[in-house]
J.: 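Pasting in a structure now, in structure tokens, and then I'll have a few things to ask.
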There are 2 protein chains.
Amino acid sequence: MKLPVSTEWLLHCTATLAQLEPGASASAAQLALYYDVPAAYLAKQLQELVKAGVLTATTGPRGGFRLARPASEITLLRIVEAVDGTSAPYECREIRQQGRGALAPEECRSICVLAEKMAEAHEAWRSSLAGVSLADVIATLPATAPARTRSRLASTRPS
Amino acid sequence: MKLPVSTEWLLHCTATLAQLEPGASASAAQLALYYDVPAAYLAKQLQELVKAGVLTATTGPRGGFRLARPASEITLLRIVEAVDGTSAPYECREIRQQGRGALAPEECRSICVLAEKMAEAHEAWRSSLAGVSLADVIATLPATAPARTRSRLASTRPS
DNA sequence: GATAATGTACTCGGATATGTTGTGTCCGAGTTGTTCTGG
DNA sequence: CCAGAACAACTCGGACACAACATATCCGAGTACATTATC
């Protein structure tokens with residue numbers, strides 16, 4: 001069970017975008033320089049966030065990505081699931097109905113206990129992440145952080 | 001973020017072993033037939049559980065695997081982590097200290113907020129699984145289940 | 001008949017191929033801001 | 001000086017290789033039981 005490395009990139013990138021002035025945007029190249037990560041791959045992942053409705057993208061000069069919603073409405077869960085997918089890590093394939101020990105179908109009307117417990121654990125994980133928004137994350141930073149972030153990010157803009 | 005398919009196999013296999021009489025054991029080949037899964041691969045994974053101290057193995061005829069501890073002391077977390085490893089799915093690589101936006105080391109004395117929240121979510125997941133033991137799982141089964149499991153499992157023994 | 005040696009069948013354990021998914025890269029379509037030319 | 005058109009640079013978006021891990025398989029080392037021969 002391992003999350004893609006790009007998960008960290010996108011969590012930080014969205015947190016960075018949340019510190020921009022309303023209406024401002026940053027390009028994939030800018031963010032890649034800001035964190036020293038592969039630009040093309042980062043762009044590919046940012047597109048996933050666009051599809052998930054977390055970000056919006058504008059093409060052309062001065063374009064880039066920005067938050068599609070207020071930071072307070074974007075949870076860490078939305079971001080993580082946009083990158084990694086919404087499927088649960090444990091997938092019940094009903095092996096209790098296979099092989100010599102196969103149970104009768106009528107005995108399997110209720111969900112397998114093991115699958116249920118694994119699903120509960122996954123839900124606990126989801127709830128934990130759903131309880132934290134980007135606004136919460138920004139709130140923990142020093143008051144001077146957003147201004148510095150904007151300044152340093154602007155220095156990565158070409159020309 | 002995806003758990004190996006063998007996770008389901010081993011959860012069911014350990015639950016099956018928990019239904020055996022004290023001292024009895026089942027071989028990898030038996031369990032493979034019982035659930036209709038690849039025997040060699042299942043054996044490989046069962047070895048991981050032995051290394052993790054969840055099971056003990058005895059070689060030779062009438063040998064096989066059995067629980068190394070009482071079922072009440074074996075949590076689902078132990079089993080899952082024995083199969084998949086104990087490392088957290090989110091690995092913080094401190095990208096906040098890289099690139100143009102790199103923070104000063106003295107600003108990074110405390111853990112990154114994002115890494116902290118991801119770790120909390122993982123801990124919620126672990127706690128959920130740590131709260132369920134094999135004994136709890138067995139307790140939810142009908143009272144007639146263990147006897148039937150033993151009977152069907154015995155039918156997979158060779159000769 | 002009891003005992004000891006022998007053989008056999010079964011068991012785990014580790015070393016070895018293959019497929020799928022994450023990782024990384026590249027190039028093309030589209031849009032915006034700029035520049036140049038003509039009125 | 002102003003307006004319009006052409007240009008150029010920057011942007012996203014999707015299509016194309018590479019690598020690592022899960023999956024699947026095989027064969028060898030070791031052990032306990034059953035058998036057999038001997039005393």
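Chain A is the first sequence line, chain B the second, and so forth, proteins listed ahead of strands; every chain is numbered from 1. Atom set for the values below is all heavy atoms of this structure, side chains included, hydrogens, waters and symmetry mates excluded. Since this is a predicted model, take the numbers as computed values, not measurements.
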J.: Would you mind reading off the distance between A:L42 atom CG and C:dT25 atom P, rounded to a whole angstrom?
T.: 12 Å

J.: Below 4.5 Å, heavy atoms only, C-beta onward: do A:Y90 and B:E8 meet side chain to side chain?
T.: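 Contact flag for A:Y90/B:E8 side chains = yes.
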
J.: Within the sub-3.5 Å range, which N or O atoms of nucleotides 16-23 of chain C have a protein N or O partner, and how far apart are they?
T.:
{"residue": "C:dT23", "atom": "OP1", "partner": "A:V5", "partner atom": "N", "Å": "3.0"}
{"residue": "C:dT23", "atom": "OP2", "partner": "A:Y41", "partner atom": "OH", "Å": "3.3"}

J.: Just to be sure I understand the rule, does A:A29 reach a base, reach only the sugar-phosphate, or reach nothing, if contact means heavy atoms closer than 4.0 Å?
T.: nothing

J.: Looking only at heavy atoms, which two atoms of A:T75 and A:A130 are closest? And how far apart?
T.: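 Distance-wise, the nearest heavy atoms are CG2-O, 3.4 Å.
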
J.: Can you give me the closest heavy-atom contact between A:L67 and A:T56, atom names plus distance?
T.: O-OG1, 4.3 Å

J.: Of the non-hydrogen atoms in B:L153 and B:Q30, which two are nearest, and what is the gap between them?
T.: O-NE2, 3.1 Å

J.: Please report the closest heavy-atom contact between B:C112 and B:C92, naming both atoms and the distance.
T.: CB-SG, 4.5 Å

J.: If you compare all heavy atoms of B:V137 against all heavy atoms of B:T140, which two are closest, and at what distance to 0.1 Å?
T.: O-OG1, 2.6 Å

J.: Under a 4.0 Å heavy-atom cut-off, which of residues 46-68 of chain B touch DNA chain D?
T.: B:T59, B:G60, B:P61

J.: Compute whether any side-chain donor of one residue and acceptor of the other, for A:T86 and A:E81, lie under 3.5 angstrom apart.
T.: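 Looking only at side-chain atoms, A:E81 and A:T86 do not form any donor-acceptor pair under 3.5 Å.
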
J.: Please tell me whether B:E48 and B:Q45 have a donor and an acceptor in their side chains that are separated by less than 3.5 angstrom.
T.: no

J.: Take A:A40 and B:A40, find for each the nucleotide of DNA chain D with the closest heavy atom, and name the residue whose nucleotide sits nearer the 5' end.
T.: A:A40

